Amino acid sequence: FAFYDSGIDDTAKIRARLEWYDFLKSINNKPIFDMEMHILDDSSEITRNNMHPDFIAANAWMGAIHGVDLTGIWAYSEMDTSILNTAFEKRPYELRKYAKTALDASRLADELAMFKNAEREVGILYSYESRIFSDQYLSNLYSTYTLLTSNGQKPLFITERQISKI
């Protein structure tokens, strides 16, 4: 999986992250702990736009819907000037929005569990060998995932060793 690429837009970053979470839940249905979530791009300049707080909240909320049980935000202190963009002491609105979303997720834990545990009616075969031998494979996998989730489906990823799950 090409999980994180700083060259893609924010919506694609969230979708790629969700694909990864769905893959992990499909392959091994255990709690997901994302202990190095990079919410904002590392940069020596602090970028500001009105979308940052909503982007951070969407990351947290969608992660909870897709099976994440615990998240650690990867943030640097203002002491390290090479990556000031992730210094949350300079971003009170973003921190507030994330904290509010975390509290909402805690309050709505039973409802979120219904999303996490929803039955999967469609599967995507993940083939490690195809990934090695085809440059287009991951792009096709991502496109298929995007199409399915955009149409309200929660795909189950299946490896070649797990075909008996079907």
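Since the structure is predicted, the reported quantities are computational estimates derived from the model, not experimental observations.
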Within this structure, what is the CD1-CG distance for the pair Ile56 and Leu95, rounded to the nearest 0.5 Å?
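Spacing of CD1 (Ile56) from CG (Leu95) equals 8.5 Å.
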How many angstroms lie between CG in Leu70 and CD1 in Ile32, if you round to the nearest 0.5 Å?
11.5 Å
Within-4.5 Å side-chain heavy-atom neighbours: [X] and [Y]:
X      : Y      : answer
Thr144 : Leu147 : no
Leu141 : Arg131 : no
Leu18  : His66  : yes
Asp22  : Glu19  : no
Phe157 : Gln162 : no

Summary of salt bridge (Lys or Arg N to Asp or Glu O under 4.0 Å) pairs that have at least one residue in residues 100-113, sequence neighbours excluded
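Every salt bridge (Lys or Arg N to Asp or Glu O under 4.0 Å) pair that includes a residue of residues 100-113, provided the two are not neighbours, is Lys100-Asp104, Asp104-Arg107.
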Scan for salt bridge (Lys or Arg N to Asp or Glu O under 4.0 Å) pairs involving residues 140-162, sequence neighbours excluded, and state none if there are none.
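Residue pairs with at least one partner in residues 140-162: there are none.
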Shortest non-hydrogen contact between Val68 and Thr71, atoms and distance
CG1-OG1, 3.2 Å
Could you report the tightest heavy-atom contact between Ser127 and Tyr137, atom names first, then the distance?
N-OH, 2.8 Å
Might you work through the side chain to side chain contact (heavy atoms under 4.5 Å, CB included) test for Ser143 and Gln136, ending with a clear yes or no?
CA-CA 11 Å; Ser143 295; Gln136 191 62 37; over 6 Å; no
Same cluster for [X] and [Y] if Ile/Leu/Val/Met/Phe/Trp/Tyr side chains link at under 4.5 Å?
X      : Y      : answer
Tyr21  : Leu108 : yes
Met62  : Leu103 : no
Leu138 : Phe133 : yes

Between side-chain atoms of residues 112-122 and protein atoms elsewhere (two or more places apart, or another chain), which donor-acceptor pairs fall under 3.5 Å?
| residue | atom | partner | partner atom | Å |
| --- | --- | --- | --- | --- |
| Lys116 | NZ | Asp69 | OD1 | 3.1 |
| Asn117 | ND2 | Ala113 | O | 3.0 |
| Arg120 | NH1 | Ser26 | OG | 2.9 |
| Arg120 | NH1 | Pro155 | O | 2.7 |

Ser134 side chain vs Ser130 backbone, donor-acceptor pair below 3.5 Å:
no
